[in-house]
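Each chain gets a letter, A, B and so on, in the order the sequences are listed, and its residues count up from 1.
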2 protein chains.
Amino acid sequence: MTTINDIAKRANVSRTTVSRALNNSGYVSEEARKRIMKIVEETGYMPNQSAKSLRTKRSGVIGVILPRLSTETSTRVVNGINEVLAKEGFQILLTDTELDKKKEIEYIRLLKSRHVDGIILLATNVNDELIQTIRDVDLPFLAIGQDLPEVTSLVYDDYHASADLTNMLIHKGHHKIAFIGVSRDDPSVGIMREQAFRDVMEREGGVIKDHWMGTGDFSIDSGYEEMKKILRASGKNRPRAVYAVTDRMAIGAMEYLKEQGYRIPEDMAVVGIGASSLSQYVSPSLTTIDYFNKKAGQQAAELLLAKLKNEKVEEKFELTYRLILRDSV
Amino acid sequence: MTTINDIAKRANVSRTTVSRALNNSGYVSEEARKRIMKIVEETGYMPNQSAKSLRTKRSGVIGVILPRLSTETSTRVVNGINEVLAKEGFQILLTDTELDKKKEIEYIRLLKSRHVDGIILLATNVNDELIQTIRDVDLPFLAIGQDLPEVTSLVYDDYHASADLTNMLIHKGHHKIAFIGVSRDDPSVGIMREQAFRDVMEREGGVIKDHWMGTGDFSIDSGYEEMKKILRASGKNRPRAVYAVTDRMAIGAMEYLKEQGYRIPEDMAVVGIGASSLSQYVSPSLTTIDYFNKKAGQQAAELLLAKLKNEKVEEKFELTYRLILRDSV
DNA sequence: CATTGGCATGTAATCGATTACACATTTCAT
DNA sequence: ATGAAATGTGTAATCGATTACATGCCAATG
């Protein structure tokens with residue numbers, strides 16, 4: 001492996017000059033610069049990033065913490081992040097918490113020790129230890145998906161998105177709507193979306209029944225199972241629509257409905273949230289809400305870059321969404 | 001930021017002893033060890049990885065190079081890789097070439113300069129400069145998806161998978177099969193799959209016509225467009241089945257067929273490759289081939305770990321696959 | 001009792017970069 | 001002509017860890 005010293009020797013200068021030439025800092029004669037660059041070309045020399053990072057305290061690496069590596073949402077966000085960061089010469093150090101809150105905290109520390117320049121967290125929950133850890137590591141930090149106090153957060157407007165979706169159902173004539181949510185550990189998905197649903201239903205005179213309210217775990221299977229439970233518990237007085245807080249659960253619900261011979265949307269309307277690629281190609285195509293995840297990733301990366309340049313950035317950002325009306329309603 | 005020196009001072013030992021305690025190397029008295037560990041706990045000290053890596057030449061980071069961050073195949077593979085590596089305390093440094101061959105090479109060098117311990121490349125093409133670069137960086141290296149000479153490669157058995165799929169179509173009574181492939185830049189997908197198709201068709205008396213052979217670009221849209229072209233060019237004597245080399249293109253083709261009122265599979269059978277989650281939920285569900293991408297990722301990671309431990313590993317590995325028969329045939 | 005070897009710890013070199021500071025030379029304004 | 005400013009280069013310290021080598025102690029061995 002060639003080092004800066006090798007280059008210096010071959011170019012007959014000190015390594016100081018090589019460093020200056022490479023980083024465009026200080027004065028270097030045109031002559032020396034050319035000589036150095038030529039040798040750099042020839043040898044394919046690349047500065048050792050560990051050494052550089054040790055000295056400068058910057059690594060050109062951004063840590064990204066995901067709840068799950070294999071969901072479309074995560075992938076899209078990472079894609080957006082990467083697009084922006086790669087352009088600026090940053091790399092992504094990826095970690096996957098597998099939805100484990102302990103790991104979330106552990107990884108924040110780990111990334112710090114790995115000298116990342118900043119961290120983007122796709123947050124799924126909010127708790128004091130997490131906030132404390134983020135404060136401790138004292139790095140440019142960005143959260144996506146949950147509103148973390150005193151942390152720059154990009155949040156989806158879950159409340160209004162959910163309210164719009166519910167409203168739409170009601171205005172299409174559905175008053176009896178089943179709901180498939182998730183655990184309240186996840187404030188955005190588990191609480192906000194449900195709250196908006198309940199608020200709108202109440203305001204607009206919809207019918208809410210306890211046994212029409214299911215709780216899944218984000219998976220397609222859980223959507224299927226919850227739908228089954230709801231219909232079995234309902235008997236004759238069944239809901240005429242079902243609102244699942246994620247596309248995957250909505251698609252699970254659709255599967256069960258189709259199996260049981262219900263026609264969608266005539267017998268039962270179905271809606272989800274997320275605009276997954278699945279939602280577009282299932283039959284009938286699923287009405288859903290697009291959260292523009294990729295754009296969220298891009299914006300997060302841009303904000304992080306601004307922070308790295310010591311620009312002041314606001315603390316809260318609300319992301320936009322779009323209702324996509326399709327054939328399932 | 002606390003360093004090893006801070007710990008040493010507070011524990012009244014030299015940093016050598018702290019290092020030994022932390023790495024379980026050499027002798028450390030039980031007493032000293034306890035004192036050190038206690039302070040480490042209290043301060044939440046984590047060794048600076050840049051310094052460590054500079055000295056030891058190992059970073060605990062594995063570079064992963066993807067052709068595209070946002071495909072299901074990539075995601076599954078990365079997921080498998082991460083599962084295995086995380087367990088061993090490795091992190092993933094992610095790069096996305098956006099299908100650019102230049103970047104592929106650039107990133108290999110970059111990862112080297114970042115001191116990664118090894119590289120896993122999801123390869124999409126094979127060329128001399130690539131091989132040369134891999135040889136140059138001289139790192140534990142693993143390729144997935146293409147057979148790179150003199151590089152440990154995990155390859156999908158594209159030829160036999162494609163042959164099986166074609167055979168299946170023929171034995172279901174389809175002799176007139178359209179084919180939607182991709183550019184020959186990609187040996188595995190662009191050449192092997194087509195070659196197997198042609199070989200089987202010839203052997204089994206299938207009908208191949210030039211205007212039944214399309215070339216897409218992996219996207220759903222391109223599947224749609226190619227299907228349109230093929231049917232328009234065919235007139236009355238149209239194919240009775242279409243084999244697209246990826247699920248996404250198959251789904252695009254299905255979209256067009258459905259739009260035009262063809263019944264699947266009665267009027268036209270459709271098959272793809274990849275076992276995407278889409279394939280399961282489109283209507284009718286798509287017959288496809290599962291390449292077990294996640295397992296491929298796991299195996300790649302395991303092999304890389306073996307290499308890191310200086311174990312000898314073979315150069316070529318053939319991955320298994322599974323034909324999934326669904327309703328589109 | 002002298003010697004050997006295990007245990008515990010410390011000193012200082014080292015990894016490969018950046019950078020404060022010093023020094024020499026050239027340029028330029030007054 | 002002269003001092004100040006600009007230009008070009010080098011010396012050596014530094015970042016935070018690991019590790020070869022040295023040293024001292026103590027118990028066991030013959």
For B:Arg15, does its backbone N or O pair with a side-chain atom of B:Ser19 as donor and acceptor, under 3.5 Å?
-> no
Residues pairing under salt bridge (Lys or Arg N to Asp or Glu O under 4.0 Å) where one sits in residues 87-109 of chain B, two or more places apart or in two chains, turn out to be B:Glu98-B:Lys103, B:Lys101-B:Asp185, B:Arg109-B:Asp136
Each nucleotide of nucleotides 15-27 of chain C classed B (base within 4.0 Å of a protein heavy atom), S (only sugar-phosphate) or -, in 5' to 3' order, makes BBBBB--------
Contacts satisfying salt bridge (Lys or Arg N to Asp or Glu O under 4.0 Å) that involve residues 64-81 of chain B (not counting sequence neighbours) are B:Glu72-B:Arg76
- prompt: Judged by modelled atom types alone, do A:Gln146 and A:Asp186 share a side-chain donor-acceptor pair under 3.5 Å?
  reply: yes
Rounded to whole Å, the CZ-C1' distance (A:Arg33 to D:dT9) equals 13 Å
Considering only nitrogen or oxygen atoms on both sides, find all protein atoms under 3.5 Å from nucleotides 5-8 of chain D and state each distance.
from, atom 1, to, atom 2, distance (Å)
D:dT7, OP2, A:Tyr27, OH, 2.8

So salt bridge (Lys or Arg N to Asp or Glu O under 4.0 Å) across residues 36-51 of chain A, not counting sequence neighbours, yields A:Arg10-A:Glu42, A:Lys38-A:Glu42
### Message
Does either side chain, that of A:Ser59 or that of A:Ser53, offer a donor lying less than 3.5 Å from an acceptor on the other one?
### Response
no
Item to complete: Would you please say whether a donor-acceptor pair under 3.5 Å links the side chains of B:Ser219 and B:Asp217?
Response: yes
Output for pair (B:Lys112 NZ, A:Asn48 CG), nearest 0.5 Å, gives 10.0 Å
Q) Does a donor on one side chain sit under 3.5 Å from an acceptor on the other, for A:Glu315 and A:Thr152? A) no
For residues A:Asn293 and A:Tyr156, is any side-chain donor paired with an opposing acceptor at under 3.5 Å?
yes
Between its two end axes (five pairs each) the helix from C:dC1-D:dG30 to C:dT30-D:dA1 turns, nearest 10 degrees, through 40°
